[in-house]
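Following: one structure in structure tokens, then a few remarks.
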Amino acid sequence: MDERVDRPDVDTAHAPLSRGPVVVRRSRLRWVLWLGALLLSGGGVYWVWHTHHATQTASRGGNGRGGEGAPQPVGAATIGTGDIPIILNELGTVTPLANVTVRTQISGQLINVGFTEGQHVKAGDFLAQIDPRPYQVALEQAQGALAKDQALLEQAKTNLKRYQTLAKQDSISQQQADDQRYLVAQYQGAVTTDQAQIDSANLNLTYCRIVAPVAGRVGLRQVDPGNYVQTSDTNGLVVLTQEQPISVIFSVTEDNLPAVMKRLHAGATLQVQAYDRANRTLLATGSLTNVDNQINTTTGTVNMRATFPNDDEALFPNQFVNARLLVDTLHNVVRVPVPAVQLGAPGTYVYVINQNDTVSVRPIAIGATDGKETQVLSGLSAGERVVTDGTDRLRDGQKVTIPPPPGQNAQAGQPGAPEHQQRRKQQ
């Protein structure tokens with residue numbers, strides 16, 4: 001008989017439920033700690049930002065709009081009158097007035113070269129010599145043929161006179177006299193042909209001596225002496241380029257064409273300046289000489305040619321330059337510096353500095369510009385002051401101050417010295 005001790009039964013299936021409240025309390029405690037840490041971090045960030053913002057606001061005058069209540073330092077200029085040149089800036093290419101590839105007009109051996117590479121030559125100067133002996137022989141042959149045919153012609157003419165006399169006496173038939181007359185005509189044609197052969201041979205002898213067709217500067221030699229040259233050679237002997245004077249070809253839009261043509265028809269000489277590719281260094285000054293006879297329908301532009309003396313050879317063929325065409329000059333017009341002109345809701349406007357050192361927005365109408373000054377058609381008068389620097393920080397009615405120019409004497413107690421330095425010296 002087994003002995004059993006009575007004790008409470010333990011339900012193992014429900015034993016974990018006895019720890020449930022402890023787990024829930026720990027999870028809630030963890031979330032509360034995380035939430036508290038986040039709140040503390042956010043509060044610290046806000047305090048730092050608020051302190052920094054308050055410090056900046058106080059340093060700018062105590063408002064939150066960037067110190068609009070404090071005078072803003074600006075650059076200023078006084079409106080005046082003067083001249084404004086109307087200039088068209090275009091990209092151009094230096095183009096020689098003559099660019100000739102010197103080729104031989106006959107075939108033969110090149111026996112002599114009479115130029116130095118890069119040399120300046122005049123029209124008619126000797127350049128090269130082709131062996132003339134074959135063409136001298138051809139000339140002598142043509143001269144011999146001419147002498148023979150001339151003798152035959154004289155003989156035929158003498159016989160023709162005899163035949164004509166005998167024909168009148170009915171001693172020979174008229175047909176024999178006519179045949180003799182035709183023979184004389186044939187010999188006359190042969191003599192003419194022989195003379196043409198002589199002229200051709202003389203011309204070939206002339207071609208053996210090659211001379212400069214135009215004045216200019218010769219380039220690099222393409223063929224050395226001793227080579228057999230032919231008329232079919234594409235490279236030729238040398239390239240001759242006329243550089244003095246030289247021209248620049250550039251394009252102008254069709255919108256600007258009427259103003260240019262109006263000045264040309266009035267007999268004006270339009271100045272053209274050639275600047276380097278960086279548009280900084282002036283290379284040469286010339287004048288407009290030609291305008292093309294049609295507009296390019298693809299680009300809406302017309303080509304123009306300006307000529308330059310180029311005595312110093314500052315312009316080089318096929319060089320890219322910036323051409324500045326002076327179309328006209330406006331005299332005694334009201335001018336405003338380009339940096340002072342603004343574009344916005346009012347349209348084109350400037351900030352005008354009033355007598356109480358505040359600024360006002362003033363809409364204006366502008367005309368031509370030269371890159372530094374702009375013509376004022378209406379809205380401004382000579383003597384008024386406008387803001388040229390610092391416009392991005394201004395609003396209508398803003399108080400401004402104009403700092404003294406750099407380099408002005410800023411020592412305390414002297415004219416132009418800052419006001420706070422003078423007060424410090426008095427203390």
Side-chain angles (χ1 to χ4, degrees), residues 52-89 255-256 259 327-424 426:
H52 180 70
H53 180 70
T55 303
Q56 287 187 339
T57 301
S59 65
R60 290 196 299 259
N63 55 42
R65 301 186 62 181
E68 292 181 353
Q72 292 292 332
V74 296
T78 302
I79 300 299
T81 60
D83 299 341
I84 292 184
I86 301 178
I87 299 176
L88 301 180
N89 292 284
D255 296 335
N256 294 320
V327 179
D328 201 353
T329 301
L330 303 178
H331 300 285
N332 297 324
V333 297
V334 179
R335 304 183 304 179
V336 62
V338 171
V341 180
Q342 306 296 317
L343 295 176
T348 303
Y349 66 95
V350 295
Y351 282 104
V352 178
I353 303 177
N354 302 316
Q355 295 294 333
N356 58 355
D357 290 336
T358 61
V359 293
S360 300
V361 175
R362 179 85 60 83
I364 63 172
I366 60 175
T369 180
D370 62 356
K372 296 181 180 179
E373 302 283 342
T374 299
Q375 178 190 10
V376 179
L377 300 177
S378 63
L380 282 176
S381 301
E384 294 187 287
R385 293 187 303 168
V386 295
V387 177
T388 58
D389 187 21
T391 56
D392 55 329
R393 303 187 300 270
L394 298 181
R395 59 180 176 84
D396 194 17
Q398 175 77 47
K399 194 81 171 178
V400 296
T401 180
I402 303 175
Q408 192 177 49
N409 194 347
Q411 295 180 0
Q414 296 185 5
E419 184 179 353
H420 68 277
Q421 293 186 8
Q422 298 184 16
R423 289 199 302 266
R424 185 179 303 170
Q426 293 174 359

Heavy-atom side-chain contact between Thr401 and Val74 under 4.5 Å = no

note = For Tyr349 and Gly347 the tightest heavy-atom approach is CD2-O, 3.4 Å

ask   = Is there a donor-acceptor pair closer than 3.5 Å between any side-chain N or O of Gln398 and the backbone N or O of Ala70?
value = yes

task = Check the pair Ile366, Leu377 against side-chain contact (heavy atoms from CB on, under 4.5 Å), reporting the backbone distance first and the verdict last.
result = CA-CA 5 Å; Ile366 60 175; Leu377 300 177; 5.9 Å; no

inquiry  = Looking at every heavy atom in both Val350 and Ala340, which two are closest together, and how far apart are they?
reply    = CG1-O, 3.3 Å

query = Between CD1 of Ile353 and CD of Glu384, what distance do you get to the nearest 0.5 Å?
reply = 11.0 Å

Pairwise side-chain contact, Leu394 with Val387, heavy-atom cut-off 4.5 Å (strictly under) = yes

task = Would you mind reporting whether Val361 and Tyr351 have side-chain heavy atoms less than 4.5 Å apart?
result = yes

key: side chain to side chain donor-acceptor pair (under 3.5 Å) partners for Thr369, two or more places apart   = Thr374

All side chain to side chain contact (heavy atoms under 4.5 Å, CB included) counterparts of Val333, not counting sequence neighbours = Ile84, Leu330, Arg335, Gln375

message = Any heavy-atom pair between the side chains of Val352 and Leu380 that's under 4.5 Å?
response = yes

task = Decide side-chain contact (heavy atoms from CB on, under 4.5 Å) for Ser360 and Asp396; before the verdict, give the C-alpha distance in whole Å, the side-chain angles of both, and the deciding distance to 0.1 Å.
result = CA-CA 5 Å; Ser360 300; Asp396 194 17; 3.9 Å; yes

ask   = Sequence neighbours excluded, which residues qualify as side chain to side chain contact (heavy atoms under 4.5 Å, CB included) partners of Thr329?
value = Asp83, Pro85, Leu326, His331

Heavy-atom closest contact (Ala76 atom, Thr388 atom, distance) = N-OG1, 3.6 Å

Exercise: identify the closest heavy-atom pair between Ala368 and Ile86 = CB-CG1, 4.1 Å

key: By salt bridge (charged side-chain N to carboxylate O under 4.0 Å, His left out) - contacts of Glu373 (at least two apart)   = none

ask   = Quick one: CD on Gln342 to CD1 on Ile364, what's the gap to the nearest 0.5 Å?
value = 9.5 Å

request  = Return the set of residues passing salt bridge (charged side-chain N to carboxylate O under 4.0 Å, His left out) with Asp357 (not counting sequence neighbours), or none when no residue passes.
outcome  = Arg385

Residues in side chain to side chain contact (heavy atoms under 4.5 Å, CB included) contact with Ala382, at least two apart in sequence or another chain = Thr81

